[in-house]
Q: 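Pasting in a structure now, in structure tokens, and then I'll have a few things to ask.
Not measured: the values here are computed from a predicted model. Letters A, B, ... mirror the listed sequences (proteins, then strands); counts begin at 1.
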Amino acid sequence: MSRYSMRLRIKRTYELEGRQIGTDRKLKRHFYNTLKIKVDGRPEDAVVNVGDYIIIESDDDDNPYVAQLLKLFCDETRKVKKALVQWYVHYCEVPKNKKKLLGRAPHPQEIFYYNDPSCDSEVDAETILGKVEVKHIKVEAPFPETQTNNTLYVKLSWDTKTFKAIDMGLTKPWDTVTTPPKQGTQSPVVESPKSPPPSASSQRGPALRALPTPDPTVMRRASSTSSYTSRTMSTGKIRSREAESIHSASKLSASKLLSEKRRGRATSGPAVRKKLELSSPGKLIEEEMLSKLMDEELAKKVSSPTKTIELSISLVPLMDPRKSRRQEDEEEEAFPLEPLQSPDQPTAATLDSQDTTRDLHGPSDDEFVEEGVTRISAKTPQRKATPRRSNLRGPSRTPSRRKDLSSAFREPSLGVLEEAEHEHSPAEPAATPRSKRKSAQLVSGKILKQLDLLNDQEVDSDGGEEDLFVPSKIDLQSSSDEDGMNGSDDELVSRKSRRVSSSQTPRSTDKRRSSTRTPRKTPSKKAPPPAARTPRRATPSIPTRTLPARNPDNVLEEARARLHVSSVPESLPCREQEFQDIYNFVESKVIDGTGGCMYISGVPGTGKTATVHEVIRCLQQSAVQDEIPHFHFIEINGMKMTDPHQAYVQILQKLSNQKATADHAASLLEKRFSNPAPKKETTVLLVDELDLLWTRKQNVMYNLFDWPTRRHARLVVLTIANTMDLPERIMINRVASRLGLTRMSFQPYTFKQLQQIITSRLNRVKAFEEDALQLVSRKVAALSGDARRCLDICRRATEICEFSGGKQNGARLVGMSHVMEVLNEMFSSSYVTAIRCSSVQEQLFLRAVIAEFRRLGLEEATFQQVFVQHQALCRVEGLQPICVSEGLAVCQRLGACRLLLLEPSGLDLLLRVRLNVSQDDVLYALKAD
Amino acid sequence: MSKRKSRETHMLLGECLSQAQKILRRRFCHQDVPAMPAGLDSQHKHLLELLRRTAVHGESNSVLIVGPRGSGKTMLLSYVLRELLEEKDVNKNVLQVHLNGLLQTDDRIALKEITRQLNLENVVGDKVFGSFAENLAFLLEALKKGNRSSSRPVFFILDEFDLFAHHKNQTLLYNLLDVSQSAQAPVAVVGLTCRLDVLELLEKRVKSRFSHRQIHLLSALTFRQYLEVVCTQLSLPSDFPDSRFSEEWNNSVRKLTEDKSVEDVLQKHFNISKDFRSLHVLLLLALSRVTTSSPAIQPTDLVEARRLCAADYKANILHGLSILELCLIIAMKHLNEIYEGEPFNFQMVYNEFKKFISRKSRSIHNFEKPVVMKAFEHLQQLELVKPMEASTTKIQREYQLMKLLLDHSQIMESLQRYPQCPTDVKQWAASAFA
């Protein structure tokens, strides 16, 4: 269990205090107001009241969770104490790909109100560590300049999708309750400062042996990963967070199984080994490795985006409060709260000091050691049972935990380490979420930066640490033997350095070149035109413009540009699960060097093609970074070819720049995919609008799905179409069978998703009222769930807003009225207006049609019959009757705009007339006149 | 001296008249770029802004202009385009492609036409090289290589947009609209159609790519506004060379529209249709009656023009028939009355005709059957009668079922006006039963 940490060495006793304030009979709960935490060796107890902000232990000791205590209760037996909390998150807990949504650099002390109903807000009261001070600040207000770093600030809320201003009503009432007295139990510290000798010595054994814990890389890895994957409480949780979406975690998708399966395999893969080497540290001599890492870090720093730098900065001050606290109470066992300072030196330092203090306090006693260990192990199950925010646990979890337990008997802290490794390192290459991959570097960069800083501060503590490190190293080695880690330190280092150099420029440029080769845009100029029938070597291009395009110059124009469907968003919101599944699928195939087919369906405008493109972009990125083998991406679109057999020609052209006729191309491709070749990259083929590749014999589709099954093909085919049951409907059996069962369907967007899509596109450009957005997204979700439609409506709304408001006020917001206008424009049927705007005789003719229908009792009549009615009506209305030719002209005009449905006009008088609008609509339109 | 002078002014008048007629004819025949259409201010603004954004900002757009025939769709568009091209930063910065669904009847032709109009590099002279597939790939590649900021915006103007929707797979529409929704060369796809239900023709993936902007040109003109339109349409522009003449002309036009009989005529015309095109036809007919002897449009001219416009074509045809043919038509009319619109064959008509000859006719002598047959076939050629089924091979011609394509009112009306129609024939036609 990863949350086994040193803090277990402190014995805390929790007591519910005060009188019982309420009982829930149904749930058999007794509610209390106050929790007293008694820590061994401290004179006074920490008292936590309902409404206080608390810190709760996490796997990452340095970064405990912050929450607000809402309720305290226990069950009948009074044994199990629970607390209901409102969570807050640190910036580092926000998934990385969402971080940019904040749109500014976070304050180091900033936390976010966590608004996610799916998150379990009930925790075991015994995980509460203490109180912390939290202040709510208005969104516009600046962060107060304080030197004391114990206070955390809240400005925004985070609902797993967006940052929002907090509804102050939610938190206000408690604000009064907080503002704790600024002494004694102030701030995070709850553990009593003094540990009496016996308990100290009881801690001592494990502590001593636990000293090696801070194997830097592992800890760093663990801590940083968990800090990045928002609050990870259990492995299951971690994994689900890695999947980057809460809702995705709740679905057990095929990809999960896939990744699970691959996990086993991938551990032996070369790429993985590299990762493991990186993360399983025991081998490295610290100094050497540090310097190496720092070098690498420096190299990275030059090129790394500013964001990562900001990140690292934001992380640093987190340790300060605790450090100051530590200074406050020297002997205190601050380990569990050890901040994010990458654990090597600082922890070593503290351990050192702790050791000495403890030595001073009392003799080390073996008995105590035993006692400590057993206590810990005894405690384990209980801990396990504490409810966590999300109960999802990967099935593969159990064995490793068992191992951990056994090792925990030996060395609890080591268990932590091992666990951490088990959880993170294999997951790294195998579990594959893109965040992971992309993050791998960032994360290590983050850590290293911190390391850097720390290095400056506390260089001297290095020596002690190294000593302490030795024992754990052996253990780790044994535990990670399976990873084939038996190279010497030197070797590792050298490999390391190789990697460093490789990640630098020369290779990457090389990669870039090769990635540009992936031929989405192979200009036909480059093609050697053997049979170019075009005169000269024509380059397809549109002439360039003489004047540069103007850039948007007010908010509404800016918003409009962002809302255009074509503007590619930084990340695609709302399709995390699908993204993950496709990513896993393609990545696994690329890594294995095998082939496969996948069928993706969904109504238009649900992001199918965009998601696939994003997947490919991510994969290409990681290919450039050498994390996966290189591959070739080809895209064809059934709509963009004149004939299904052209698919061969286009594939061949994009694959090898050859031109050939369809038949020839087919045979060339056949050869290519069935014969082994020495250096063959995997080819990823995206077939959009698959249904248009249908032919009578279906040989195009057959081939497309047959090639991936060849042994040497290394072809991954992703197909996209609109209908879910396309394989069943139009494919003959042998084709459908080859397509296989890997299917995915994109559901139409719900209104919440649409809203999120708009907000993420707008990205803090304030152009819309909240209600207006909601109206648009609800309307579209109700009609089609088509994101394109949604964006188009918003775009039109900005136009209407701009022109209705006149020129001078640039800071207008698009409101409900504008949106309503657009919706009317786009969705209202124009028939009624058309009838109202038609001429007198046309209206009369429509009435004649209805009169004739009523007379006949049919919905169809000939022109001659209607015309008789028409002339009668003319007389009634006092108009001069029109002649037949004019009557026919009137009728034809109505037919042309499809108010009437007519037969071809050759039939003249006998032409049959039907209404294309309901009779009620016609009567309504005519009556309103 | 005085004689010469008067001749001079006369000459001048004739010149002025022909000049005026030339200007107005060009206006009515849509050869000039039209003036700002009346009553379409918001639509005009919408379209102008949309196209300007494409031209200036490089924002891709798609829009449909929907309105009944003759409501001024093309007029509006060409007015907007002219206005745009007058702007400095738009001029020479845009490319235009004009397609018409009636001309480009399939995607192959349309693609060639696009390539030709864009003058891409596979065009030599007026010829476009390459197969259909190559052309498509070439065009798409060209558009794909463009981007928002650097390549010239292209206006695709698709007249009779609904006909493009009938092309196979709607490939052209899909690709154009797809370009307009992706980060490629900026395009504006403008469709013109008179079908209100045009969106239902689009396939769903094509529909999804269309921005759903529709500009409806449904004129809500009142008769007063209509009269004003007539007035402005007939008026000469201020830059007319002879100002005195143009003033006189414009005054006469104003007087004309105030005339009661003209108002009646125009009201009738307005009742039938509000569209501008039929109005132009009417005015053109009136205009062509202007001569030097009557150097302004008279109310009678308009009345006469209206009479021409409103003439019943079939009744006109009846005027040119022989008595025998007319008799056959009358016989068919009676048959229609007897059998309540059921089809008839030649034999029945012939029998009816014989009955008439034997009983009532004094002026018409008996015709041989082949002669009558010949007359009947002539009627069929004129499409006054129509066979029920197309296949004529199996049935003998005499017994083939036919239908009359004339209304009773048409027959009676033309009989009244038929020159020297025998009275007994007239009586026969008027009698309820033969």
Q: Heavy-atom pairs under 4.5 Å with chain A - which of G58(B), C194(B), A311(B), G70(B) has more of them than the others?
A: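 Greatest number of close heavy-atom pairs with chain A: C194(B).
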
Q: Taking side chain as everything from C-beta outward and backbone as N, CA, C, O, which of these in T193(B) sits under 4.5 Å from a heavy atom of chain A? Side chain, backbone, both or neither.
A: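 The answer is neither part of T193(B).
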
Q: Could you walk me through whether K314(B) and D908(A) pass the salt bridge (Lys or Arg N to Asp or Glu O under 4.0 Å) check?
A: CA-CA 11 Å; K314(B) 291 236 175 99; D908(A) 210 71; 2.2 Å; yes

Q: Assess whether side-chain contact (heavy atoms from CB on, under 4.5 Å) is satisfied between R795(A) and E59(B), documenting all intermediate values.
A: CA-CA 11 Å; R795(A) 217 150 55 86; E59(B) 174 189 315; 2.7 Å; yes

Q: Given heavy-atom pairs under 4.5 angstrom as the criterion, report whether the side chain, backbone, both or neither of V94(B) touches chain A.
A: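 Neither part; nothing is under 4.5 Å.
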
Q: Provide the closest heavy-atom pair for R789(A) versus F210(B) in the form atom of the first, atom of the second, distance.
A: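 Answer, listing the atom of R789(A) first, then F210(B): NH2-O, 2.6 Å.
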
Q: Among V603(A), L888(A), N637(A), who wins on heavy-atom pairs under 4.5 Å with chain B?
A: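 Looking at each of V603(A), L888(A), N637(A) in turn, N637(A) comes out on top.
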
Q: Where do C837(A) and K274(B) come nearest, in terms of heavy atoms and distance?
A: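 Result for this residue pair: O-NZ, 3.0 Å.
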
Q: Hey, is CZ on R277(B) packed in by over 12 heavy atoms from elsewhere, all under 6.0 Å?
A: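 Result for CZ/R277(B): open.
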
Q: Of the backbone (N, CA, C, O) and the side chain (C-beta and beyond), which part of H57(B) lies under 4.5 Å from a heavy atom of chain A, both, or neither?
A: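 Both parts, backbone and side chain.
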
Q: Determine the minimum heavy-atom distance between S273(B) and R893(A), stating which atoms define it.
A: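 Scanning both residues, the minimum pair turns out to be CB-NH2, 2.9 Å.
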
Q: Heavy-atom distances under 4.5 Å only: say whether A185(B) touches chain A with side chain, backbone, both or neither.
A: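 Contact with chain A involves the side chain of A185(B) alone.
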
Q: Is it true that R306(B) and E886(A) make a salt bridge, defined as a side-chain N closer than 4.0 Å to a carboxylate O?
A: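 Yes, this pair counts.
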
Q: Does a side-chain N-to-carboxylate-O contact under 4.0 Å join K640(A) and D178(B)?
A: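 Yes, charged N to carboxylate O under 4.0 Å.
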
Q: Measuring from Q181(B):CD to L791(A):CG, what's the distance to the nearest 0.5 Å?
A: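 The CG atom of L791(A) is 8.5 Å from CD of Q181(B), to the nearest 0.5 Å.
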
Q: Which bit of H408(B) is near chain A, if near means a heavy-atom gap under 4.5 Å: side chain, backbone, both or neither?
A: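 Nothing of H408(B), per the 4.5 Å heavy-atom cut-off to chain A.
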
Q: Measure distances from V884(A) to the heavy atoms of chain B and classify the residue's part below 4.5 Å as side chain, backbone, both or neither.
A: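 Both backbone and side chain of V884(A) come within 4.5 Å of chain B.
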
Q: Between chain A and each of D197(B), V154(B), N169(B), L136(B), count heavy-atom pairs under 4.5 Å; write down the option with the most.
A: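 Going by pairs under 4.5 Å, I would pick D197(B).
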
Q: Go through the atoms of A55(B) and report whether side chain, backbone, both or neither lie under 4.5 Å from a heavy atom of chain A.
A: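 The backbone, not the side chain.
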
Q: Using a cut-off of under 4.5 Å on heavy-atom pairs, state which of L199(B), T171(B), L405(B), L143(B) scores highest against chain A.
A: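 Heavy-atom pair counts peak at L405(B).
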
Q: Side chain from CB out, backbone as N, CA, C, O: work out which of these in D275(B) comes under 4.5 Å of a heavy atom of chain A, or both, or neither.
A: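 Side chain only.
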
Q: Find the one option among P153(B), S208(B), S182(B), P68(B) whose heavy-atom pairs under 4.5 Å with chain A are most numerous.
A: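 Option with the top pair count is S208(B).
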
Q: Within the supplied structure, the quantity of interest is the number of heavy atoms (other residues, nucleotides, ligands) at a distance under 6.0 Å from E87(B) CD; does it exceed 12?
A: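 Yes, because the 6.0 Å sphere around CD of E87(B) holds more than 12 heavy atoms from other groups.
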
Q: Looking only at the side chains, is there a donor atom on one of N271(B) and S839(A) sitting less than 3.5 Å from an acceptor on the other?
A: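 No, no side-chain donor-acceptor contact under 3.5 Å.
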
Q: Could you look at N916(A) and say if it's the side chain, the backbone, both or neither that has a heavy atom under 4.5 Å from chain B?
A: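 For N916(A), the contact with chain B is made by the side chain alone.
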
Q: Between atom CD of E200(B) and atom CZ of R898(A), what is the distance when rounded to the nearest 0.5 Å?
A: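 Taking CD in E200(B) and CZ in R898(A), the distance rounds to 10.5 Å.
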
Q: Please identify, among Q871(A), Q880(A), R560(A), the residue contributing the most non-hydrogen atom pairs under 4.5 Å to chain B.
A: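 Most pairs with chain B among the choices: R560(A).
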
Q: Is it the side chain or the backbone of L406(B) that comes within 4.5 Å of chain A heavy atoms, both, or neither?
A: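 Contact with chain A involves the backbone of L406(B) alone.
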
Q: Please report the closest heavy-atom contact between L909(A) and Q410(B), naming both atoms and the distance.
A: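 For L909(A) versus Q410(B), the nearest heavy atoms are CD1-OE1, 4.4 Å.
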
Q: Find the one option among G605(A), A889(A), A834(A) whose heavy-atom pairs under 4.5 Å with chain B are most numerous.
A: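 The option with the most such pairs is A834(A).
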
Q: Over all heavy atoms of both residues, which pair between S566(A) and A183(B) is shortest? Give the atoms and the distance, please.
A: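 Nearest pair, atom of S566(A) first, then A183(B): CB-N, 3.3 Å.
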
Q: Could you give me the CA-CA distance, side-chain angles and deciding distance for R69(B) and Q892(A), then say whether side-chain contact (heavy atoms from CB on, under 4.5 Å) is met?
A: CA-CA 10 Å; R69(B) 295 232 176 268; Q892(A) 294 288 0; over 6 Å; no

Q: So what's closer than 4.5 Å to chain A heavy atoms on F132(B): side chain, backbone, both or neither?
A: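 Contact with chain A: backbone and side chain both.
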
Q: Could you tell me which portion of L879(A) (side chain, backbone, both or neither) has an atom closer than 4.5 angstrom to a non-hydrogen atom of chain B?
A: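 Just the side chain, heavy atoms under 4.5 Å.
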
Q: Sequence neighbours left out, what passes side chain to side chain donor-acceptor pair (under 3.5 Å) with R108(B)? Give chain and number order.
A: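 Listed in chain order: nothing, the list is empty.
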
Q: Side chain, backbone, both or neither: which part of L140(B) has a heavy atom under 4.5 Å from chain A?
A: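 Side chain of L140(B) only, per the 4.5 Å heavy-atom cut-off to chain A.
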
Q: How long is the straight-line distance from NZ of K204(B) back to OG of S784(A), given to the nearest 0.5 Å?
A: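 It is 12.5 Å, given to the nearest 0.5 Å.
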
Q: Between E49(B) and E802(A), is a side-chain contact (heavy atoms from CB on, under 4.5 Å) present by the stated rule, with each step listed?
A: CA-CA 11 Å; E49(B) 283 303 322; E802(A) 188 167 0; over 6 Å; no

Q: Heavy-atom cut-off 4.5 Å, strictly under: side chain, backbone, both or neither for S829(A) against chain B?
A: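 S829(A) has no heavy atom closer than 4.5 Å to chain B.
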
Q: Do the side chains of S60(B) and H564(A) get nearer than 4.5 Å, heavy atoms only?
A: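 With C-beta onward as the side chain, the pair touches.
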
Q: What part of L899(A) gets closer than 4.5 Å to chain B, counting heavy atoms only: side chain, backbone, both or neither?
A: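 Side chain only.
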
Q: As an exercise: rank H212(B), H216(B), Q170(B) by heavy-atom pairs under 4.5 Å with chain A and give me the winner.
A: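 So the answer, after comparing H212(B), H216(B), Q170(B), is H212(B).
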
Q: Tell me the closest heavy-atom pair linking D312(B) and S885(A), and the distance in Å.
A: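 The answer is OD1-OG, 3.0 Å.
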
Q: I need the residue from V649(A), V822(A), D786(A) with the largest number of non-hydrogen atom pairs under 4.5 Å to chain B.
A: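 Among V649(A), V822(A), D786(A), the one with the most close pairs to chain B is D786(A).
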
Q: Rounded at 0.5 Å granularity, tell me how far CG in L910(A) sits from CG in L404(B).
A: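 Output value for this atom pair is 9.0 Å.
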
Q: Please look at M639(A) and chain B and tell me whether the side chain, the backbone, both or neither of the residue comes under 4.5 angstrom of a heavy atom of that chain.
A: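 For M639(A), heavy atoms of backbone and side chain both lie under 4.5 Å from chain B.
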
Q: Side chain, backbone, both or neither: which part of K403(B) has a non-hydrogen atom closer than 4.5 Å to chain A?
A: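 Contact with chain A: side chain only.
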
Q: Any idea which of I215(B), V56(B), L221(B) has the most non-hydrogen atom pairs under 4.5 angstrom with chain A?
A: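 Maximum pair count with chain A is reached by V56(B).
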
Q: Please report the interatomic distance CZ(R788(A)) to CG(L177(B)), rounded to the nearest 0.5 Å.
A: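 It is 10.0 Å, given to the nearest 0.5 Å.
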
Q: Begin from the C-alpha positions of E689(A) and R205(B) and carry the test side-chain contact (heavy atoms from CB on, under 4.5 Å) through to its verdict.
A: CA-CA 9 Å; E689(A) 314 290 0; R205(B) 54 189 150 211; 2.6 Å; yes

Q: For the CD1 atom of I272(B) and the CD atom of Q841(A), what is their distance to the nearest 0.5 Å?
A: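 Here the rounded value is 5.5 Å.
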
Q: Tell me, yes or no, whether the heavy-atom count around F827(A) atom CZ, taken from other residues, nucleotides or ligands under 6.0 Å, exceeds 12.
A: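 Enclosed.
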
Q: Sort D407(B) into side chain, backbone, both or neither according to what part of it lies under 4.5 angstrom from a heavy atom of chain A.
A: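 D407(B) touches chain A through backbone and side-chain heavy atoms alike.
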
